2 protein chains.
Amino acid sequence: MKGRAKRAKEASDVLRELGYRLTPQRMLILAAVQASDSHISAEEIYSQVRAQYPHVNISTVYRTLDLLKGLSLVTETDLGEGRVRYHYADKGHHHHLVCERCGAIIEVDEDLFLPLKRTLLKDYHFQANIRHFAIFGRCAKCPR
Amino acid sequence: MKGRAKRAKEASDVLRELGYRLTPQRMLILAAVQASDSHISAEEIYSQVRAQYPHVNISTVYRTLDLLKGLSLVTETDLGEGRVRYHYADKGHHHHLVCERCGAIIEVDEDLFLPLKRTLLKDYHFQANIRHFAIFGRCAKCPR
DNA sequence: GTTGCGCCTGCAAGCTATTGCGATAACCTC
DNA sequence: GAGGTTATCGCAATAGCTTGCAGGCGCAAC
C-alpha cells in the first residue's frame with residue numbers, strides 16, 4: 001500500500017526533524033494507528049504492537065499517543081464508551097454524532113464547526129482547536 | 001438561603017415523582033452539588049457528604065451523579081483536568097473555553113451553539129443534546 | 001566502530017471511575 | 001406501627017489511564 005507507506009514516512013520525518021527519537025515502539029504504534037481504517041483504541045494498538053514486540057508496555061502506548069496527539073499526527077475522540085479512540089490525522093478532520101439511545105455514530109464534516117469557530121474568535125478572541133468532537137443526542141431513527 | 005432550599009425541594013420532588021427513593025445519601029449529594037457555586041468534583045462531593053454521613057461510599061456518589069445526570073438535574077463537564085466536574089442544572093446551561101496554554105477557563109453562553117444545533121437537526125435529523133461542552137484552544141492572552 | 005549524553009522505556013504504584021454482589025433500608029400496604 | 005418487596009448501598013475487585021524512577025538504547029560526535 002503506497003499511500004500508507006508514504007504517510008508513515010512523512011510522520012516519522014516529522015518526529016525526526018523535531019528531534020524525537022525513532023524507536024521501534026514509536027514506529028509500531030504509529031503504524032498501528034495508520035493501518036486502522038477506523039478509530040482504534042489504546043488497548044487495540046497495544047495488542048497489535050505486542051504481537052511484533054512483546055516487551056512493550058501499555059504506558060509507552062499512552063505516552064506515544066500523547067506525543068503524536070501533541071504533534072497533530074493523531075487525533076483523539078471520546079465517543080462515550082468509557083475508552084478513548086485514536087485516528088490518524090492526515091485526512092480532513094471530522095466529528096461524530098453519537099446517539100444516546102441506539103449508539104449509532106454519524107460522521108460529520110468539520111466545516112460544520114466553522115461558524116462556531118469564527119464566532120469564538122470574533123467575540124472571545126479564542127482560537128479554538130477543534131479537531132475531533134463528539135456530540136451526544138438522539139438520531140433520526142430514535143424519535144423522542 | 002431560600003432559593004437553594006426551594007431548588008432542593010424541587011429536585012427531590014422530581015426523584016420521588018419518578019419513583020426513586022429519597023435516601024439520605026442522595027439528598028446530601030444533591031445538596032452538595034447545589035451548594036457549590038461553581039463546578040464541583042466527585043471527590044469534593046464525597047468529602048462533603050462524608051462529613052455528615054461518614055459511612056457513604058464513593059461508588060454511591062458516582063451512581064447518584066449518574067442518576068441525576070440522566071434526569072438532567074446535574075450536568076457533567078470534562079475540563080481536561082483528569083477528573084470530571086459537576087454542576088447543578090437549574091440555571092441556563094453554559095459552555096467552557098479552556099486555554100491549552102495557560103489553563104484559563106472562559107464561560108460562554110449556550111446560545112452560541114444554537115446555529116450548530118439547528119444545522120444538525122436540519123441536515124442530519126439529529127437532536128443534539130448539548131448541555132455542557134468544553135472547547136480547547138488558545139485564549140486571547142496566549143498568542144500563537 | 002566506539003563512546004557518551006540524555007531521551008525514552010519498562011515496571012510498579014497510584015488515581016479516577018465503574019461494576020457485581022450480598023446486605024440493608026426506603027416505601028407501600030395493611 | 002409492623003411486615004414484605006425490592007431499589008439502593010457498601011464493599012471489594014476491576015478497568016482505563018497516568019506518573020515517578022531507574023536503567024536502556026537511539027543518535028551524534030569522534
Side-chain angles (χ1 to χ4, degrees), chain A residues 11-30 32-33 39-71 73-86 134, chain B residues 11-30 32-33 39-71 73-86 134:
Chain A
S12 58
D13 283 351
V14 172
L15 286 177
R16 162 166 277 142
E17 277 160 24
L18 292 173
Y20 294 103
R21 295 189 181 160
L22 298 186
T23 66
Q25 291 92 330
R26 279 179 180 165
M27 300 311 284
L28 286 169
I29 291 164
L30 200 44
V33 179
H39 302 71
I40 190 171
S41 71
E43 201 64 34
E44 284 161 359
I45 295 171
Y46 180 46
S47 63
Q48 279 191 32
V49 171
R50 213 161 43 155
Q52 291 190 256
Y53 206 89
H55 269 289
V56 208
N57 193 275
I58 186 78
S59 62
T60 301
V61 174
Y62 282 110
R63 272 188 285 227
T64 302
L65 287 171
D66 220 47
L67 172 68
L68 298 175
K69 197 172 60 183
L71 299 175
L73 290 172
V74 308
T75 53
E76 187 188 66
T77 320
D78 181 356
L79 295 178
E81 323 167 285
R83 101 187 45 190
V84 171
R85 291 189 166 270
Y86 299 87
Chain B
S12 58
D13 282 351
V14 171
L15 286 178
R16 162 166 277 142
E17 278 161 22
L18 291 172
Y20 294 104
R21 295 184 182 166
L22 298 185
T23 66
Q25 291 93 331
R26 280 181 179 161
M27 300 310 284
L28 286 169
I29 291 165
L30 200 46
V33 179
H39 301 71
I40 189 169
S41 71
E43 201 64 37
E44 284 162 359
I45 295 171
Y46 179 46
S47 63
Q48 279 190 35
V49 170
R50 214 163 41 158
Q52 292 189 257
Y53 206 88
H55 269 289
V56 204
N57 193 274
I58 186 77
S59 63
T60 300
V61 175
Y62 282 111
R63 273 189 283 231
T64 301
L65 287 171
D66 220 48
L67 172 68
L68 299 175
K69 198 171 62 184
L71 299 175
L73 291 173
V74 307
T75 55
E76 186 188 68
T77 319
D78 182 354
L79 295 178
E81 320 167 288
R83 101 186 45 190
V84 172
R85 292 191 164 270
Y86 298 87

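Please read all numbers here as calculations on a predicted model, not as lab measurements. So you know, we letter chains A, B, ... as the sequences are listed, proteins then strands, and number each from 1.
- One can place CZ of B/R16 at 10 Å from C1' of C/dA26, the figure rounded to the nearest angstrom.
- To the nearest angstrom, P of D/dG10 lies 8 Å from CD1 of B/I29.
- By the 4.5 Å heavy-atom criterion applied to side chains, B/Y86 and B/L68 are not counted as neighbours.
- In terms of position along DNA chain C, the nucleotide closest to A/Y53 lies nearer the 5' end than the nucleotide closest to the other residue of the pair A/Y53 and B/P24.
- The base of C/dC7 lies close enough to the side chain of A/R21 for a donor and an acceptor atom to sit less than 3.5 Å apart.
- Proximity of B/Y62 to the phosphate of C/dT18: no side-chain N or O atom is located under 4.0 Å from OP1 or OP2.
- When each of B/A42 and A/L67 is assigned the nucleotide of DNA chain C bearing its nearest heavy atom, the one mapping closer to the 5' terminus is A/L67.
- Side-chain atoms of B/L28 and B/Q48, non-hydrogen and from C-beta on, never get closer than 4.5 Å to each other.
- Counting only distance, with no hydrogens or angles, the side chain of A/R16 and the backbone of A/L22 share no donor-acceptor pair below 3.5 Å.
- OP1 or OP2 of C/dT9 has not a single side-chain nitrogen or oxygen of A/S59 nearer than 4.0 Å.
- For B/R63, no side-chain nitrogen or oxygen approaches OP1 or OP2 of D/dT8 to under 4.0 Å.
- As a whole-Å value, the separation of B/L18 CG from D/dA7 C1' is 14 Å.
- Electrostatic pairing of B/K69 and B/D66 counts as a salt bridge here, judged by a charged N lying under 4.0 Å from a carboxylate O.
- A straight line from CG of B/L15 to P of D/dA7 spans 15 Å, rounded to a whole angstrom.
- In this structure, B/T64 and B/Q25 have side chains that are not in contact, with every pair of non-hydrogen atoms separated by 4.5 Å or more.
- Proximity note for B/T60 (side chain, C-beta onward) versus C/dT9, D/dC9, D/dT8: the nearest is D/dC9.
- Between C/dA17, C/dA26, D/dT8, one nucleotide has an atom nearer to the side chain of B/V84 than all others, and that is C/dA17.
- OP1 or OP2 of D/dG16 has at least one side-chain nitrogen or oxygen of A/R83 nearer than 4.0 Å.
- The CE-C1' distance, from A/M27 to D/dC27, rounds to 15 Å in whole Å.
- Of the candidates C/dC27, D/dT8, C/dA17, C/dC27 carries the atom nearest the B/L22 side chain, counting heavy atoms from C-beta on.
- For D/dG10, the OP1/OP2 oxygens have a side-chain nitrogen or oxygen of B/Q25 closer than 4.0 Å.
- Looking at heavy-atom distances under 4.0 Å, B/P54 makes no contact with the nucleic acid at all.
- Taking side-chain N and O atoms only, A/N57 has no distance below 4.0 Å to OP1 or OP2 of C/dT9.
- Rounded to whole Å, the distance from CG on B/D66 to C1' on C/dT18 is 9 Å.
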